[in-house]
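Please read the structure below before turning to the comments.
We count ligands from 1, going down the list as the structure has it; atoms in each ligand are counted the same way. These values consider heavy atoms only, across backbone and side chains, with no hydrogens, waters or symmetry-generated copies.
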Amino acid sequence: MIVMKFGGTSVESEEAVARVTSIVKTQVHRRPIVIVSAMGKTTNKLLAAAHEAAAGRRDQALAIVDELRAHHLLHGLALAGPAAAELDRYIRTHFDWLDELVKGLSVVGELSPRSMDAIASVGERLSSLVVSFAFRAAGLDATHVDARRVILTDDRFTQAQPLFEQTYALLKERVRPIAETSVVVMGGFIGATEDGHTTTLGRGGSDFSAAIAAAGVDAEEIQIWTDVDGMLTADPRIMPGGRRVKSISFAEASEMAYFGAKVLHPATILPAFEKNIPVLILNSRRPDVEGTRITALAMPCKNPVKSISCKRQITILNIRSTRMLMAHGFMRRIFEVFDRFETSVDMVSTSEVSVSLTLDNAENLDRIHDDLRQFSEVTLEENQAIVCLVGENIRHTPGIAGRAFQVLSNKNIRMISQGASLLNLGFVIADKDLPDAVSALHKEFFSEVDPAVFA
Ligand code: ASP
Ligand code: MG
């Protein structure tokens, strides 16, 4: 049994779903459970409709719902073959309900996390129906399972955590037996509380759903189908022409995901990792490319560095104690501020009297700045970038830092960090220097590559 997950762009249109159908057909003998995201940008639009409604802009909200209805009818019904009338009824029922909900919200003028999840879930509820109809019309034996019947979560709406024990038991009891004989199709991202309220696992949560499903049914493999060939040695938006990494470890993949590689949600890793299930990243537009295989243990690799990850346009905060001596409690006070604004810190370096750090998101930067100024001097440096060399062999190979610094010797390096995991080496440099720096580092570390690991 395998789990195949298709992201939003892989199911955005009639043509995309047709591609998914032919990919799944080639894997039927492996008894797939198919997890799908909402079609295209549906989740963003649903949330936009919810916000418009809550702000009292009823007509704008209803217009977004109309646009989504038209898209689902246009692309969905074309795929459903003789069952089009039945799918038409399902789609219309969901959108009628959405119309009512949006009207209600615009009267009440408020949006609870619970209503947000009720609305956001519609994308995956519908895409999974559309895909199951498309599969049947193409001659596959397919069964739609409402993910909310099997993925049980706590009630932290919009960020719900699965109740793993119950969820795994339900997946074994309700999904496994169906998947023995029929292709199961479920929506990703969504779940429900024990008393039946719809929840979501957080944005991008379909990968997480796929990992949970795979862990629950003891799948032999997870395939994450996206629109890229897999993980690359360098971010293609910064340096085209990087090599595809054929094989990496879970630890390396999470490090890469954290620092910028948009391919995979880091939380995906956990349930799969715990059960030792390999994860494959594949391209639904180029299904013959073998992609990237992520496994618990890295395959031996002659190159010390597997990939160069980056994160652009970040801000450095330099925080200096206003007292002469570093009083104890200074660090605690700093981190209390970040905790208050629920902002996580990416990189930290400290000296006797000052701390420099970079923020994961700058949404509350002004207020963070104000609070820190109560007990310290703060300066900001904007337009910076993090570059990270990732690879398990970095810890066993002397001289990596030396080589990297040599390559960057004409650049101003603002911060340096080597995490406790020892599988990454990160620097902060000016964002404008990033493309050059990445190309130079790539040349240094990837002009010769181990053919077993890199394509
Ligand atoms: N549709 C959800 C989102 O856009 C979940 C996902 O695509 O993974 O966040
Ligand atoms: Mg996604």
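A donor-acceptor contact closer than 3.5 angstrom is absent between the side chains of S206 and S209. Checking N303 against D450 by side-chain atom types alone, no donor-acceptor pair falls below 3.5 Å.
Note: an N/O pair closer than 3.5 Å links E124 and ligand 1 by distance alone. In terms of N/O distances under 3.5 Å, ligand 1 is approached by S37. Remark: ligand 1 and G204 share an N or O pair separated by less than 3.5 Å (distance only, no angle test).
Checking side-chain atoms of Q223 against main-chain N and O of K5 turns up no donor-acceptor pair under 3.5 Å.
Which parts of ligand 1 touch R203 is read off a 4.0 Å heavy-atom cut-off, strictly below it: atoms 3 (C), 4 (O), 9 (O).
Proximity of G205 to ligand 1 is established by a heavy-atom distance of less than 4.0 Å.
Within the cation-pi definition used here (under 6.0 Å to the ring centroid, within 45° of the axis), R286 does not qualify as a partner of W225. For R92 and F95, the positive end is not near the middle of the six-membered ring at less than 6.0 Å and at most 45° from its axis.
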